[in-house]
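As structure tokens, the structure follows; a few thoughts come after it.
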Amino acid sequence: MVRTMFLGTGHYVPEKVVTNEDLTKLMDTSDEWIQQRTGVKTRHHIDWQNEPMGASELGARAGKKALEDAKVSKDEIDCIIYATLSPDKAFPGDGVLVQAKLDIPAGVPAYDVRNQCSGFLYGLQMADAFIRTGTYKRILLIGAEAQSSGLEFADRGRDVAVIFGDGGAAAVLGPNPRDDGRGILSVKVHADGRYVSELECPFPSSAVSPRISVADLEAGRQYPVMNGKHVFKHAVTRMPEVVNEVLAEQGVKSTDLKLVIPHQANQRITEMVQRKLELTDAQLFSNIAEFGNTTAASIPLALDQAVHQGRVQAGDLVCLTAFGAGFTWGAALIRW
Ligand code: ACO
């Protein structure tokens, strides 16, 4: 049976570090509130004054690192899958922008995934299906976000603005050439559109004309809105549920897992998921303190760190899980 393997990973974050103290100068907040409620200490933001760039640039720089890590040339890539909620343009999507930036040959298809924090797992399921069916053999899967240009750094937006960071991360995926049981064992993704309004960015919207008005801008409708308590309740239910779904399907238990890498939504969510899955600290990876919530980049960024820190070795069972706007959620089980 053909299984999909991670041939290489990479990430890129802007150099500029923004501390909680920096944010206290922009809004009525405190380092104590932010750390206690979210676990975030710093985040990386694009330097909009000196080096402005879009998510596609973050994704391209991460993709270049993943190609180097995989020892795969850009000319071998036969498919790009790109996940973001913060594309450079209204259209086209960032997949084709990354193709141009990395000089990936013309004709290679580029898919754009719009599933927010679950975007990387949605894209991973697509890549796994493509590779197992032999449709493509070298897929570049990217999650990248330029969030700091879309947040309101003021009292009105403080419940959301303090959580998010900018960053890009990527993986190169291909078929496992050996029949040794290593590779992706299962990817499950889900959605429930009844909760759209609990976590959304409503404008610009094609449902109105003009798609965003001066009144909308003055009202701050271009910024994300979140019902934090509601998101928390659903996230800590759905993530353990979908992890248990992939574990049961593969006949393994959480104690068999070497590492669980959750989407870095909020440390409070991560800790509740850890408790529900009865994971030890050694079985859990968290880097939200340094990077904040980088949405579609958060899982591949954490995965790249975990692999290069030696926390994941060949043959280990690794579980990725995410919850995001939509609501959407998912999990992947990998024999590394
Ligand atoms: N600094 C200081 N005070 C703040 C801030 C801030 N940055 N933001 C909100 N507050 C205030 C509120 O105004 C409120 O004050 P009030 O009681 O005087 O009105 C108080 O803090 C409590 O506000 P809540 O929203 O009830 O704060 P809560 O205790 O619920 O914590 C939080 C907010 C951290 C968002 C919490 O709801 C939570 O953990 N939610 C999980 C959702 C989440 O973190 N999602 C991440 C992004 S989505 C994703 O990745 C899936």
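Looking at D94, its side chain never comes within 3.5 Å of a backbone N or O of A55 through a donor-acceptor pair. Here the side chain of Q267 pairs no donor or acceptor atom with the backbone of G39 at under 3.5 angstrom. Formation of a donor-acceptor pair under 3.5 Å by the N287 side chain with backbone atoms of E290 is not found in this model. When atom types are taken as modelled, the side chain of N176 and the backbone of M5 share no donor-acceptor pair closer than 3.5 angstrom. Distance alone, capped at 3.5 Å, places no donor-acceptor pair between the Q35 side chain and the E32 backbone.
Every salt bridge (Lys or Arg N to Asp or Glu O under 4.0 Å) that R132 has, sequence neighbours left out, goes to D128. Contacts of S186 classified as side chain to side chain contact (heavy atoms under 4.5 Å, CB included), with partners at least two apart in sequence or in another chain: K188, V246, E249, Q250. The side-chain hydrogen bond (donor to acceptor under 3.5 Å, both in side chains) test applied to Q36 returns no partner, not counting sequence neighbours.
When ring centroids are compared, H190 and Y122 stay outside the 6.0 Å threshold.
Side chains of P224 and L199 form no contact here, defined as non-hydrogen atoms less than 4.5 Å apart. Between T29 and I34 the shortest side-chain heavy-atom distance falls below 4.5 Å. Contact of the H263 side chain with the T270 side chain is not registered, since no non-hydrogen atoms from C-beta on lie closer than 4.5 Å. Two residues are said to be in side-chain contact when any heavy atoms from C-beta on lie closer than 4.5 Å; K65 and H11 fail this criterion. Contact annotation: the side chain of M239 never approaches that of E241 to less than 4.5 Å [non-hydrogen atoms, C-beta and beyond]. Within the 4.5 Å cutoff, the side chain of I334 has heavy atoms near those of the L320 side chain. Looking at heavy atoms from C-beta onward, L121 lies in side-chain contact with I299 at the 4.5 angstrom threshold. Side-chain contact check for M27 versus V162: some heavy-atom pair is nearer than 4.5 Å.
Heavy-atom contacts from other residues, nucleotides or ligands closer than 6.0 Å to CD of E68 number more than 12. Counting non-hydrogen atoms of neighbouring residues, nucleotides and ligands closer than 6.0 angstrom, the NZ atom of K74 exceeds 12 such neighbours.
Listed by first then second residue, pairs satisfying side chain to side chain donor-acceptor pair (under 3.5 Å) with a partner in residues 313-324 read K258-D316, not counting sequence neighbours. Annotation: side chain to side chain donor-acceptor pair (under 3.5 Å) contacts involving residues 201-215, sequence neighbours excluded, comprise S213-D216. The stretch residues 327-336 participates, sequence neighbours left out, in these side chain to side chain donor-acceptor pair (under 3.5 Å) pairs: S118-T328.
Linking ILVMFWY side-chain heavy atoms closer than 4.5 Å, directly or via other members, places L284 and M272 in a single hydrophobic cluster. Residues L257 and L259 fall into different hydrophobic clusters, defined by Ile, Leu, Val, Met, Phe, Trp and Tyr side chains chained together at heavy-atom separations under 4.5 Å. If you chain together hydrophobic residues whose side chains sit under 4.5 Å apart, L124 and I261 fall into the same group.
Tested against H44, the residues T294, V13, L58, V18 include a single side chain to side chain contact (heavy atoms under 4.5 Å, CB included) partner, V13. The side-chain hydrogen bond (donor to acceptor under 3.5 Å, both in side chains) test with R43 is passed by exactly one of D166, N293, N20: N20.
Note on ring orientation: taking the six-membered ring where Trp is involved, the planes of Y111 and F130 are tilted (angle from 30° to 60°). Relative ring orientation between F327 and F323 is described as tilted, the plane-to-plane angle lying within the 30° to 60° band.
Across all their heavy atoms, A144 and S86 have their closest contact at O-OG, 4.1 Å.
Taking the ring axis of F285 as reference, the NZ or CZ atom of R311 does not stay both within 45° of it and closer than 6.0 Å to the ring centre.
In this model, a donor atom of one side chain and an acceptor atom of the other lie less than 3.5 Å apart for W48 and S148. For H234 and D192, the side-chain atoms include no donor-acceptor pair closer than 3.5 Å.
How far CD of E152 is from CG of L26: 11.5 Å, rounded to the nearest 0.5 Å.
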